Amino acid sequence: MSSTTLVFSPPPLTAVSAADPPPPTTRIQIQSQPVFDNPNSKSGSLKSCQNLQEIKQLHAQFTKQGLICNPSILTKLIVKYSQMGTSESLEYAEKGFKMFKKKTESGNSSSTIYLYNSLIRANSLSACFNESILLYIDMLIEGFKPDNYTFPFVLSACSKSLRLCEGAQLHCSAVKLGFHNDVFVLNSLVHHYGECGEIDKAKQVFDEMPERNVVSWTSLICGYARQDLHKEAVSLFFEMVEEGISPNEVTMVSVISACAKLGDVDLGDRVSIYVERSGLTINDVVVNALVDMYMNCGAVDKAKRLFDGSFARNLVLYNTLMSNYVKLGEAKKALDIFREMLNLGPKPDRVTMLSVITSSAELGDFCLGMQCHAYVLRNGLENWDNIGNSIIDMYAKSGKQDLACRVFDQMSNKTIVSWNSLLAGFARNGDVGSARELFDEMPERNLVSWNTMIAILVQWSFFSDAIELFHSMQNEGITADNVTMVSVASACGYLGALDLAKWTYNYVEKYGIECNMRLGTALLDMFGRCGDPKSAMKVFKTMKEKDVSAWTAAIGAMASVGNGKQALELFHEMVKQWVIPDEVVFSTVLTACSHAGLVKEGMHIFNSMKKQHKITPHIVHYGCIVDLLGRAGLLDEALDFIKNMPMEPNGAIWGAFLSACRIHKNEKLANLADEIISKSNNDKTGIQVLLSNIYASAGKWNDVAKVRIHMKEKGMKKIAGSSSIELNGVVHEFTSGNESQPGSDLTALMLHEINCRLSAEGYVPDLENVLLDVDEKEKEFLLSRHSEKLAIAFGLISSGRGMPVRVVKNLRMCSDCHSFAKMVSKVYNREIVIRDNNRFHFFQRGSCSCCDYW
DNA sequence: GTAGGGTTAG
């Protein structure tokens with residue numbers, strides 16, 4: 001509404017707005033008519049006006065001829081202006097209305113109410129909700145009584161702007177004014193309460209209605225759908241049909257959308273069959289709803305057939321198909337539709353561009369993304385937040401962080417999605433520092449912001465920081481969802497922090513967080529990595545749906561504790577249940593065989609990959625077999641296997657072989673391997689370290705020195721051993737021989753005590769594990785400071801009596817630490833659990849669960 | 001007159 005002037009005259013006819021098309025020739029004829037016969041026939045020509053310019057022309061004509069003072073003509077002109085729905089036309093309508101009120105001060109109240117209603121409706125339809133409600137208030141102040149048309153119009157404005165209280169006040173007023181039985185008013189109230197989330201209130205109004213029509217039912221169905229109560233919405237539809245009320249197109253669209261949200265294609269089909277049989281007109285909107293439903297339910301073929309068979313492929317239908325392809329990760333297909341649209345279809349709008357930009361982002365197609373950006377700018381679509389945000393996302397996903405930042409900086413209306421998109425962009429580019437800075441700088445954060453930042457930290461291995469951030473999130477009163485918990489579970493798993501893992505699991509239960517397949521798999525994997533296969537299997541058994549990833553996590557949980565037989569049983573059960581195995585599950589199950597020494601079974605599975613499951617083994621699977629044979633001491637077989645591989649063996653293959661040579665102290669074969677490796681380009685640090693270790697074990701210090709020099713020349717650095725231990729939710733990390741750790745004096749003292757007690761029990765350090773050319777005393781000292789020993793000592797001091805000491809080691813533990821842990825478990829009567837980079841070792845009463853086979 | 005379709009970030 002404008003309150004600038006009361007003058008109600010149109011602009012001179014020459015001042016044609018650039019946005020308006022030139023008046024058609026038929027209008028010129030009207031202009032040239034000299035005199036109208038009577039006011040009514042003159043206003044009749046208003047009906048055929050198609051655009052604002054034509055109305056303005058007639059307005060000018062009426063003014064010139066003095067007809068503007070005629071209340072009937074003025075009323076029709078105001079209504080016509082309001083129906084155009086542009087801000088300019090609404091301004092004219094309002095000015096006209098002011099003039100009307102002035103001229104009919106003592107006059108016709110029914111016409112005034114009629115005009116109030118028209119303007120309230122027009123403003124509501126044009127999303128000028130405040131103006132709409134203010135007009136209603138103005139109407140009351142001016143002493144006009146709202147009628148049964150006023151309430152639906154103003155309630156609609158309240159619903160669309162989610163003004164629950166105002167709507168409830170209108171409810172009272174409507175009852176007071178005697179509209180408690182009016183079906184239009186009551187339908188509007190059902191809709192209003194449903195829109196504002198007060199579904200019980202909507203149901204109450206609905207239940208108390210003396211009579212209900214199809215709109216009443218449809219309004220309630222929509223209310224349920226809005227609250228994501230899609231099942232209830234569909235039930236209500238069938239209830240309606242049983243009551244003998246025939247649905248119309250609007251009802252069908254609402255219920256089909258509910259089926260889409262449920263992803264229930266059978267239900268969608270039932271509704272769709274109902275539409276076909278009931279003889280309803282299947283208009284554009286119904287077709288679109290059906291296409292959307294089938295796409296959402298994964299019945300892409302059905303959707304595509306409907307689309308192909310539709311003669312009226314309007315803009316929304318194209319957009320529906322494209323956005324659904326994008327959601328399904330089929331960016332290329334979305335772009336195919338876009339090409340068809342450019343050739344045959346309507347002009348793309350901003351929603352179309354959103355799908356195209358998202359597609360180019362998914363494909364990392366920077367060129368297409370740039371073209372889209374240019375199109376957006378050429379067509380003035382850049383002011384829509386969603387478009388700006390998707391452009392940021394597109395540049396970020398294409399690795400153009402600077403361009404993403406530039407678009408972000410230039411955005412005048414940054415929303416939380418803009419910040420989150422940029423944040424996710426930093427994550428993808430591995431710029432954790434910038435991401436954290438941006439996160440701390442954000443004016444507001446929502447669940448997605450927290451989830452993004454936590455996921456970034458997990459992705460880049462900052463597990464403790466991720467857990468810390470999760471705690472901050474809770475302190476800010478934000479409730480986590482299943483996306484958060486997937487990251488948290490993953491962090492716990494990598495940290496091997498069992499107490500934290502248990503707490504995480506309880507958190508999911510306590511807060512009723514929906515445990516979908518992804519979260520189920522993450523929790524199962526978490527327990528597996530924390531060495532608690534029982535809890536892992538408990539989660540696995542409660543999972544309703546299990547895909548190959550879930551089965552892999554379960555098999556992995558078994559593999560890491562050396563339970564090869566159960567891992568194999570799970571694998572066979574998976575195949576029995578028609579879950580198609582992939583490459584990952586094969587490497588997991590082969591690893592399980594390797595840790596349990598199941599050579600025959602492992603070879604059988606490896607051979608079945610190609611024959612039975614049509615999967616060509618990857619180099620990783622060959623590595624598993626080398627490991628399987630090597631660990632079992634079948635070194636000659638392992639070397640033959642390597643020689644007969646269809647591809648060039650890589651570092652991992654030689655690593656597995658050399659590792660086996662080291663376990664079985666076979667220096668001869670290691671030498672042979674060394675010769676082959678030196679001829680190839682395999683210079684991986686792991687291999688060189690293993691080689692130097694093998695030579696060192698055999699006391700060949702000259703060879704050790706050669707390898708070390710070679711490593712130095714190549715800039716290779718041995719990864720430092722480190723062990724961590726969780727205590728009261730905090731993860732403490734120890735590195736070999738590091739004096740600067742907190743509580744290190746006490747830990748060193750404890751370690752000394754342990755060594756004395758162990759010596760008394762007959763423990764002799766295995767000096768072969770010290771791979772440096774130093775004297776025996778020094779070797780003994782170095783060996784005593786291995787990180788897992790420090791962690792065990794710290795664990796014994798800090799944790800309660802009888803509690804297991806759980807340590808996570810980043811490398812494979814050495815045989816001396818293994819013997820040490822066995823003795824500690826006996827002498828101190830404590831369970832010691834160590835996860836090294838291979839598997840779990842559970843030490844109890846002097847022996848280990850791996851039976852010294854690892 | 002009241003009720004309906006496509007919309008970005010984890």
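Both backbone and side-chain heavy atoms feed into the values below; hydrogens, waters and symmetry mates do not. Model, not experiment: these values are computed from the prediction.
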In whole Å, what is the span from the [atom1] atom of [X] to the [atom2] atom of [N]?
X      : N     : atom1 : atom2 : answer
A:D393 : B:dT8 : CG    : C1'   : 7 Å
A:I391 : B:dA9 : CD1   : P     : 13 Å
A:N389 : B:dT8 : CG    : P     : 11 Å
A:L189 : B:dT2 : CG    : C1'   : 10 Å
A:K160 : B:dT2 : NZ    : P     : 8 Å
A:K327 : B:dA9 : NZ    : P     : 11 Å
A:N288 : B:dG4 : CG    : P     : 15 Å
A:L125 : B:dT2 : CG    : P     : 7 Å

Using a 4.0 Å heavy-atom cut-off, does [X] contact any base of the nucleic acid, only the sugar-phosphate backbone, or nothing at all?
X      : result
A:L447 : base
A:D481 : base
A:N248 : base
A:L186 : nothing
A:N314 : base
A:N296 : nothing
A:F153 : sugar-phosphate

Please confirm whether the ring centroid of [X] lies under 6.0 Å from the ring centroid of [Y].
X      : Y      : value
A:Y116 : A:F97  : yes
A:H171 : A:F151 : no
A:F307 : A:Y318 : yes

Nearest to the side chain of [X] - [options]?
X      : options             : result
A:K397 : B:dG4, B:dA9, B:dT2 : B:dA9
A:E195 : B:dG4, B:dA9, B:dT2 : B:dG4
A:V286 : B:dG4, B:dG5, B:dT8 : B:dG4
A:T358 : B:dG4, B:dT2, B:dA9 : B:dA9
A:V285 : B:dG5, B:dT2, B:dA9 : B:dG5

Which residues in residues 211-230 of chain A have a heavy atom closer than 4.0 Å to any atom of DNA chain B?
A:V215, A:T218, A:S219, A:C222
Which ones in residues 418-434 of chain A lie close to DNA chain B, meaning a heavy atom under 4.0 Å from one of its atoms?
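Only A:N420, A:S421, A:A424, A:R428 qualify.
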Scan residues 223-247 of chain A for pairs that pass ring-ring contact (aromatic ring centres under 6.0 Å, His included), counting only residues two or more places apart or in two chains.
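Of all non-adjacent pairs touching residues 223-247 of chain A, those that pass ring-ring contact (aromatic ring centres under 6.0 Å, His included) are A:F237-A:Y274.
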In short, ring-ring contact (aromatic ring centres under 6.0 Å, His included) pairs touching residues 412-451 of chain A with sequence neighbours left out are A:F408-A:W419, A:F439-A:W450
Could you tell me whether A:R212 sits above the aromatic face of A:F206, with NZ or CZ closer than 6.0 angstrom to the six-membered ring centre and within 45 degrees of the axis?
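A:R212 over A:F206 ring: yes.
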Taking only N and O in the side chain of A:R350, is any of them less than 4.0 Å away from OP1 or OP2 of B:dT8?
no
Compare side-chain N and O positions of A:H191 against OP1 and OP2 of B:dA3 and report whether any pair is under 4.0 Å apart.
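Affirmative; the distance criterion is met.
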Determine which pairs satisfy side chain to side chain donor-acceptor pair (under 3.5 Å) with at least one residue from residues 251-260 of chain A, sequence neighbours left out, and list them in order.
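Passing the test, one end in residues 251-260 of chain A: A:T218-A:T251, A:N248-A:T251.
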For [X], what residues pass the side chain to side chain contact (heavy atoms under 4.5 Å, CB included) criterion, not counting sequence neighbours?
X      : result
A:S323 : A:S355
A:L164 : A:H192, A:Y193, A:C196, A:E198
A:D465 : A:L457, A:F462

Applying side chain to side chain donor-acceptor pair (under 3.5 Å), name anything that partners A:K145, two or more places apart in sequence or on another chain.
none
